[in-house]
Engineer: 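Before I ask anything, let me first share the structure, which is written out below as structure tokens.
Protein chains get the first letters and strands the later ones, always in sequence-line order, with residue 1 at the start of each. The basis for the numbers below is simple: all heavy atoms, side chains too, and nothing from hydrogens, waters or symmetry mates.
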Amino acid sequence: MDTAERLDLVTRHTEEVVTTEELEELFDDGTPSAYIGYAPTGEMHIGHFTTMRKLADFLDAGIDVTVLIADLHAHLDDEKSPFELLEYRSEYYQEAIEGMIEAAGSDPNDITFIRGMDYQLEEEYTLELYRMAAETTLSRAQRAASEVVRESESPNLGGVLYPLMQALDVKALEADIAYGGIDQRGIYMLGRELLPDHEWDAPVCVFAPLLSGLSGGKMSASDAGSKVNLTDSPAEIEEKLNGAYCPMGEREENGVLEYLEYLVFPVLTEQGESFVVERPDEYGGDLVYERYAELEADFLSEELHPADLKPAAAGAISTVIDPVRERLSDNDELLAAAYPETYGDS
RNA sequence: CCGCCCUUAGCUCAGACUGGUAGAGCAGCCGACUGUAGAUCGGCUUGCCCCCCGUUCAAAUCGGGGAGGGCGGACCA
């Protein structure tokens with residue numbers, strides 16, 4: 001595969017690449033490494049799946065991929081995960097992530113998994129973190145993390161260590177490429193400033209778009225109805241999609257379309273399948289799409305009505321998620337340990 | 001260690017001075033209207049009022065104790 005093809009694979013379905021030129025150089029030099037970190041906080045959902053799906057592109061482009069389960073980060077961010085639950089949630093994340101990668105058509109064994117605390121407590125790392133803390137102002141760190149760390153009237157120190165550690169992780173994991181949602185931009189831009197003073201090259205940054213939630217606006221972790229969880233049953237998925245914000249002919253903040261573009265179609269294409277919309281004869285009969293662009297065109301021209309699209313999308317999402325859901329429900333004791341509030345006891 | 005402030009619905013808060021058994025906005029839910037959803041109307045739900053003890057016929061409200069959180073406490077201004 002030549003550099004142009006690799007570039008194409010890595011940059012497709014992305015929100016931003018900083019910078020494409022640097023990425024090209026990495027490819028010319030050989031086999032770059034990339035990492036993406038997930039802080040094991042709330043349950044994983046379909047938004048995670050889209051970023052995970054993209055890891056297949058990284059692998060196909062001949063990149064060494066590392067997935068960081070950022071356990072310490074999950075606690076540093078306003079104690080989103082209680083310290084006692086970190087281990088369980090990390091296990092759950094790894095299980096879910098492997099399931100998603102497999103469902104996306106890649107092999108989890110091709111990816112290196114690592115836990116934050118496996119190396120973030122080492123002397124070398126800690127010392128360098130302190131040095132970064134000395135070099136960074138409070139407001140700079142807060143600004144960098146503002147889209148990621150929970151905001152509060154009385155922010156904890158953890159929230160400012162958070163972006164510094166994430167910047168340092170790039171070096172600690174020896175990554176050439178940092179991949180993450182566009183919300184991570186501030187942190188990695190800080191990283192690009194700091195790392196050259198710490199004997200490491202500024203990473204190339206690849207940012208995934210943040211998908212809209214089903215109720216319009218960005219997907220929100222706190223709004224259960226705005227996202228599809230990996231453990232949702234087909235019936236729940238259908239119900240959530242039916243309730244989704246989806247104005248006829250409009251693309252903006254339309255989570256239904258975005259799920260199709262970033263998750264369903266990439267996976268269907270990988271499996272060589274097409275997307276079928278069942279439609280009453282009264283409205284013209286069934287439709288079949290091979291590519292997302294065709295579907296979007298029909299939707300924008302109002303040929304494809306939301307009421308027909310929604311059930312079809314629900315079914316397709318359900319099918320894509322199915323192997324992950326199965327894997328997780330086989331492991332209900334892990335889910336209960338990781339999220340006792342939701343699945344505990346009973 | 002000392003001082004002051006805060007804690008009421010999922011969220012933001014009112015009510016406390018002048019005790020009478022809890023409210024608003026937002027969110028949520030349900031209907032109407034749309035071949036979906038939203039918007040718009042119409043309707044509805046929700047509470048260990050942080051905990052304990054006391055005063056009282058009666059405590060979210062008063063008194064005491066405790067917990068959690070916030071702010072402040074050299075000098076200079």
Engineer: Could you check whether any side-chain heavy atom of A:Ser212 comes within less than 4.5 Å of a side-chain heavy atom of A:Tyr259, counting everything from C-beta outward?
Structural biologist: no

Engineer: With rounding to the closest Å, how many angstrom separate the C1' atoms on B:rC33 and B:rA58?
Structural biologist: 50 Å

Engineer: Can you check the distance between B:rC51 and B:rU36, where both ends of the measurement are the C1' atom (answer in whole Å)?
Structural biologist: 49 Å

Engineer: Take A:Pro280 and A:Glu153, find for each the nucleotide of RNA chain B with the closest heavy atom, and name the residue whose nucleotide sits nearer the 5' end.
Structural biologist: A:Glu153

Engineer: Would you mind pulling out the nucleotide paired to B:rC33, Watson-Crick or G-U wobble, both distances under 3.5 Å?
Structural biologist: none

Engineer: Could you measure between the two P atoms, the one in B:rG43 and the one in B:rA22, and give it in whole Å?
Structural biologist: 23 Å

Engineer: Using Watson-Crick or G-U wobble geometry with both distances below 3.5 Å, tell me the partner of B:rG23, or none.
Structural biologist: B:rC13

Engineer: Could you let me know what B:rU55 is paired to, Watson-Crick or G-U wobble, both distances under 3.5 Å, or none if it's on its own?
Structural biologist: none

Engineer: Expressed as a whole number of Å, how far does the C1' atom of B:rA32 sit from that of B:rA39?
Structural biologist: 14 Å

Engineer: Measuring only the C1' atom in each nucleotide, how far is B:rC4 from B:rG47? A whole number of Å is fine.
Structural biologist: 30 Å

Engineer: Between B:rA60 and B:rG23, how far is it from one C1' atom to the other, in whole Å?
Structural biologist: 12 Å

Engineer: Mind telling me whether A:Tyr179 and A:Phe58 have parallel, tilted or perpendicular rings, with 30° and 60° as the class edges?
Structural biologist: tilted

Engineer: In Å and rounded to the nearest 0.5 Å, what is the CZ to OH distance from A:Phe275 to A:Tyr292?
Structural biologist: 10.5 Å

Engineer: Do A:His73 and A:Val149 come within less than 4.5 Å of each other through their side chains, counting heavy atoms only?
Structural biologist: no

Engineer: Across all strands shown, which nucleotide pairs with B:rC4 by Watson-Crick or G-U wobble geometry, both distances under 3.5 Å?
Structural biologist: B:rG70

Engineer: With rounding to the closest Å, how many angstrom separate the C1' atoms on B:rC62 and B:rG15?
Structural biologist: 16 Å

Engineer: Run the salt-bridge test on A:Glu303 and A:Arg279 with the 4.0 Å N-O cut-off and return the result as yes or no.
Structural biologist: yes

Engineer: On RNA chain B, reading 5' to 3', which nucleotide is the first and which the last to sit with an atom under 4.0 Å from a heavy atom of chain A, could you check?
Structural biologist: B:rG35 to B:rG70

Engineer: Would you please name every residue forming a ring pair (Phe, Tyr, Trp, His ring centres under 6.0 Å) with A:Tyr38, sequence neighbours left out?
Structural biologist: A:His48

Engineer: Considering heavy-atom distances to RNA chain B, does A:Ser154 or A:Gly243 have its closest nucleotide positioned more toward the 5' end?
Structural biologist: A:Gly243

Engineer: Let's test this: given Watson-Crick or G-U wobble pairing with both distances under 3.5 Å, identify the partner of B:rG28.
Structural biologist: B:rC44

Engineer: What residue pairs, at least two apart or across chains, pass ring-ring contact (aromatic ring centres under 6.0 Å, His included) with a residue in residues 183-219 of chain A?
Structural biologist: none

Engineer: Mind checking the C1' distance from B:rU61 to B:rG54? Whole angstroms is fine.
Structural biologist: 15 Å

Engineer: Scan every strand shown for a Watson-Crick or G-U wobble partner of B:rC76, both distances under 3.5 Å, and answer none if you come up empty.
Structural biologist: none

